[in-house]
Number of protein chains: 2
Amino acid sequence: MFQLSVSTRDRILDTAERLFAEQGFHVATLRQITQEAAVNLAAVNYHFGSKQALMRAIFKRRLDALNTARMERLDAALRIDPPELEDVLDAFVQPALAFTRGGDAEGQRFMQLLLRAFADRDTDLHQAMRLEYAHVMRRFADAIGHALPDADPERLRQQLDFIVGALTLTMAESALKDTRIIAGELVRFAAAGLRAPIPTDAEQEARFSLEARS
Amino acid sequence: MFQLSVSTRDRILDTAERLFAEQGFHVATLRQITQEAAVNLAAVNYHFGSKQALMRAIFKRRLDALNTARMERLDAALRIDPPELEDVLDAFVQPALAFTRGGDAEGQRFMQLLLRAFADRDTDLHQAMRLEYAHVMRRFADAIGHALPDADPERLRQQLDFIVGALTLTMAESALKDTRIIAGELVRFAAAGLRAPIPTDAEQEARFSLEARS
DNA sequence: GTCTATAATGGGATAGAC
DNA sequence: GTCTATCCCATTATAGAC
């Protein structure tokens with residue numbers, strides 16, 4: 001943290017982030033990372049302790065930045081009471097595509113990394129991510145609850161998971177030039193889903209009997 | 001395919017599918033797989049040729065079954081013209097949670113595997129999956145286009161990606177007992193998003209200037 | 001088809017000089 | 001803080017007996 005030569009440490013972080021995102025944690029090797037970062041092989045263990053610890057450091061750096069950016073935009077949206085639903089969703093979605101000063105390329109890279117973390121259940125990283133996310137999720141669920149006072153809180157959390165899935169997979173997949181438009185589309189799509197009325201029991205019954213036919 | 005001892009081959013397939021889903025392709029080792037399947041280490045190479053080929057075989061088996069189940073339900077939904085939007089979405093979503101005779105546990109396992117395949121860009125498996133998916137996606141996009149004749153086809157494909165993301169990540173994450181209810185929630189959520197009117201240019205403009213303030 | 005034994009490779013981590 | 005050299009370990013894949 002307080003070392004003079006930040007450049008070696010940061011070159012490792014940047015290079016490893018790229019290679020982990022492109023190839024995955026187990027495929028990218030320390031030899032490859034240190035070679036492309038033009039640092040010595042032993043530097044990883046000196047600065048981070050282990051390959052796992054390096055991954056955690058990469059993750060923490062970006063996720064903290066993403067969460068902070070989301071919170072700031074959420075606070076801005078909450079200056080209106082009740083907040084506008086689209087503003088709350090914007091606060092969640094927009095920072096995901098450009099939360100670093102580096103621009104879209106880094107944002108998409110981290111989305112790929114996030115997707116890998118989601119896929120890696122039963123791992124320290126997955127648990128850590130869920131914990132860091134839980135706090136932010138609760139705040140966004142609350143904010144949406146204020147924008148839609150009639151909604152069921154339990155259902156809102158479920159629907160927020162839909163949005164996370166759509167956002168993460170789409171941002172990790174899409175061509176870079178489209179991310180800004182796609183984010184707007186997602187906000188519109190999600191807002192409509194959240195505002196949709198809950199079907200009555202009678203309508204539910206009709207749907208299930210329809211399914212049974214097929 | 002036409003060998004007498006299908007049991008060794010199938011025990012490898014089932015065990016490897018479970019371990020790949022739980023741990024990932026590179027963490028699960030052939031030693032672990034063959035030990036838990038109670039077959040000899042060399043049997044994998046004899047029956048499949050390599051670890052990669054084993055993965056492809058696992059994937060093909062389930063994805064073919066999933067696609068077939070989806071197509072059948074889609075055909076049923078298309079017997080009404082124009083089809084009911086919720087029926088089309090049901091045809092896409094419901095088979096994902098119980099497309100094998102084994103029930104929910106296997107379905108969720110494969111969703112975890114699918115999520116890993118999505119995360120693994122630049123890999124043979126990812127490309128193969130996209131190709132197999134493309135055909136089904138086009139048919140579903142067309143069907144939704146029939147249910148919503150005023151919608152823009154390009155936008156529909158984008159929104160279908162949202163649904164795939166929400167479905168895949170949610171099904172891979174969720175507790176088993178909830179999958180049936182969650183699928184119904186997703187259909188309702190997605191239907192509302194698809195039916196949402198496209199904002200006018202004036203409304204778009206208002207939103208962007210609102211963002212600039214924050 | 002199934003097994004044992006092993007070849008061939010590459011990985012993460014570390015000791016110790018500078 | 002940085003480097004070289006190396007330890008130690010695990011992996012996939014295969015050769016060859018049965």
Side-chain angles (χ1 to χ4, degrees), chain A residues 1-61 113 116-117 120 122-126 128, chain B residues 1-59 113 116-117 120 122-126 128:
Chain A
M1 281 296 192
F2 301 101
Q3 286 140 6
L4 288 177
S5 69
V6 283
S7 91
T8 291
R9 194 174 187 277
D10 282 352
R11 278 215 306 286
I12 293 173
L13 277 174
D14 292 339
T15 308
E17 178 178 66
R18 177 169 58 81
L19 292 175
F20 284 156
E22 285 172 5
Q23 307 184 344
F25 179 75
H26 296 281
V27 176
T29 68
L30 291 183
R31 287 173 163 80
Q32 185 187 10
I33 291 165
T34 52
Q35 189 177 346
E36 294 202 19
V39 302
N40 189 269
L41 171 61
V44 169
N45 270 352
Y46 178 79
H47 286 285
F48 300 96
S50 72
K51 190 185 184 184
Q52 276 286 351
L54 168 59
M55 180 59 145
R56 279 195 295 272
I58 291 168
F59 221 82
K60 183 165 174 38
R61 176 174 70 158
L113 216 54
R116 288 190 186 277
D120 262 336
D122 306 328
T123 193
D124 289 351
L125 192 63
H126 185 93
Chain B
M1 283 297 192
F2 302 102
Q3 286 140 7
L4 288 176
S5 67
V6 282
S7 93
T8 290
R9 195 175 186 276
D10 281 352
R11 277 215 308 286
I12 293 172
L13 277 173
D14 291 339
T15 307
E17 178 178 66
R18 177 169 57 81
L19 292 175
F20 284 157
E22 286 173 4
Q23 308 184 343
F25 179 75
H26 295 282
V27 176
T29 68
L30 291 184
R31 286 177 159 77
Q32 186 186 10
I33 291 165
T34 51
Q35 189 177 343
E36 294 202 19
V39 302
N40 189 270
L41 171 62
V44 169
N45 270 349
Y46 178 79
H47 285 285
F48 300 97
S50 72
K51 190 184 183 183
Q52 276 286 352
L54 169 59
M55 180 59 145
R56 278 195 295 272
I58 291 167
F59 221 82
L113 216 54
R116 288 187 185 280
D120 263 335
D122 306 328
T123 191
D124 289 350
L125 193 62
H126 185 93

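Because the structure is a prediction, the values reported are computed rather than measured. Every heavy atom of this structure was used, including side-chain atoms; hydrogens, water molecules and symmetry mates were not.
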**Student:** Please confirm whether the shortest side-chain N or O distance from B:His47 to OP1 or OP2 of C:dT2 is below 4.0 Å.
**Tutor:** yes
**Student:** If I take atom CG in residue A:Leu41 and atom C1' in nucleotide C:dG12, what distance separates them, rounded to the nearest angstrom?
**Tutor:**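 To the nearest whole Å, that distance equals 8 Å.
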**Student:** Closest approach to the side chain of A:Lys51, judged atom by atom: which nucleotide of C:dT2, D:dA13, C:dA13 is it?
**Tutor:** C:dA13
**Student:** For A:Val27 and for A:Gly49, locate the closest nucleotide of DNA chain C by heavy-atom distance; then report the residue assigned to the nucleotide nearer the 5' terminus.
**Tutor:** A:Val27
**Student:** Output the rounded distance in Å from CG (A:Leu30) to C1' (D:dA5).
**Tutor:** 17 Å
**Student:** Measure CG/A:Asp10 against P/D:dG1 and give the value in whole Å, please.
**Tutor:**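 Distance check: A:Asp10 CG to D:dG1 P gives 12 Å.
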**Student:** Please check: side-chain N/O of B:Ser50 versus main-chain N/O of B:Ala53, any donor-acceptor pairing under 3.5 Å?
**Tutor:**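 Answer holds: yes.
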**Student:** Taking side chain to side chain contact (heavy atoms under 4.5 Å, CB included) as the test, write out the residues that go with A:Glu36, two or more places apart.
**Tutor:**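 Testing A:Glu36 for side chain to side chain contact (heavy atoms under 4.5 Å, CB included), a comparison that skips the adjacent residues, returns A:Thr15, A:Arg18, A:Leu19, A:Gln32.
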**Student:** Report the nucleotide, chosen from D:dT2, D:dT11, C:dA13, that has the shortest atom-to-atom distance to any side-chain atom of B:Thr29.
**Tutor:** D:dT11
**Student:** Could you check which of D:dG1, D:dA13, C:dA15 has an atom nearest any side-chain atom of A:Ala42?
**Tutor:** C:dA15
**Student:** If you check the A:Asn40 side chain, which of C:dA13, C:dT2, D:dT4 turns out closest?
**Tutor:**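 So the nucleotide nearest the side chain must be D:dT4.
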**Student:** Tell me: CD1 of A:Ile12 to C1' of D:dT2, nearest whole Å?
**Tutor:**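 Those two atoms, CD1 and C1', are 11 Å apart.
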**Student:** Calculate the interatomic distance between A:Gln52 atom CD and C:dG11 atom P; express it in whole Å.
**Tutor:**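 Going from CD in A:Gln52 over to P in C:dG11 covers 17 Å.
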**Student:** Below 4.5 Å, heavy atoms only, C-beta onward: do B:Leu13 and B:His47 meet side chain to side chain?
**Tutor:**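 No, side chains not in contact.
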**Student:** How long is the line joining CD of A:Gln32 and C1' of C:dG12, in whole Å?
**Tutor:**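 So the two atoms are 15 Å apart, to the nearest Å.
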**Student:** Quick one, B:Asp120 and B:Leu125 - any side-chain contact, counting heavy atoms below 4.5 Å?
**Tutor:** no
**Student:** Please give, in whole Å, the distance from D:dT4 P to A:Gln35 CD?
**Tutor:** 12 Å
**Student:** Counting side-chain heavy atoms from CB outward, which of D:dT11, C:dA13, C:dT2 is closest to A:Ser50?
**Tutor:** C:dA13
**Student:** May I ask you to evaluate whether B:Thr8 reaches the phosphate of C:dT2, defined as a side-chain N or O under 4.0 Å from OP1 or OP2?
**Tutor:** yes
**Student:** Side-chain donor or acceptor of A:Arg31 under 3.5 Å from a matching atom on the base of C:dG12?
**Tutor:**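 Indeed there is one.
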**Student:** In whole Å, what is the span from the CD atom of A:Gln23 to the C1' atom of C:dG11?
**Tutor:**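 Going from A:Gln23 (CD) to C:dG11 (C1'), I get 14 Å.
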**Student:** Look at the side chain of A:Tyr46 and decide which nucleotide, out of C:dG11, C:dG1, D:dG1, has an atom nearest to it.
**Tutor:**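 For A:Tyr46, the side-chain atoms sit closest to D:dG1.
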**Student:** So, do A:Gln52 and A:Phe25 sit near enough that their side-chain heavy atoms are less than 4.5 Å apart?
**Tutor:** yes
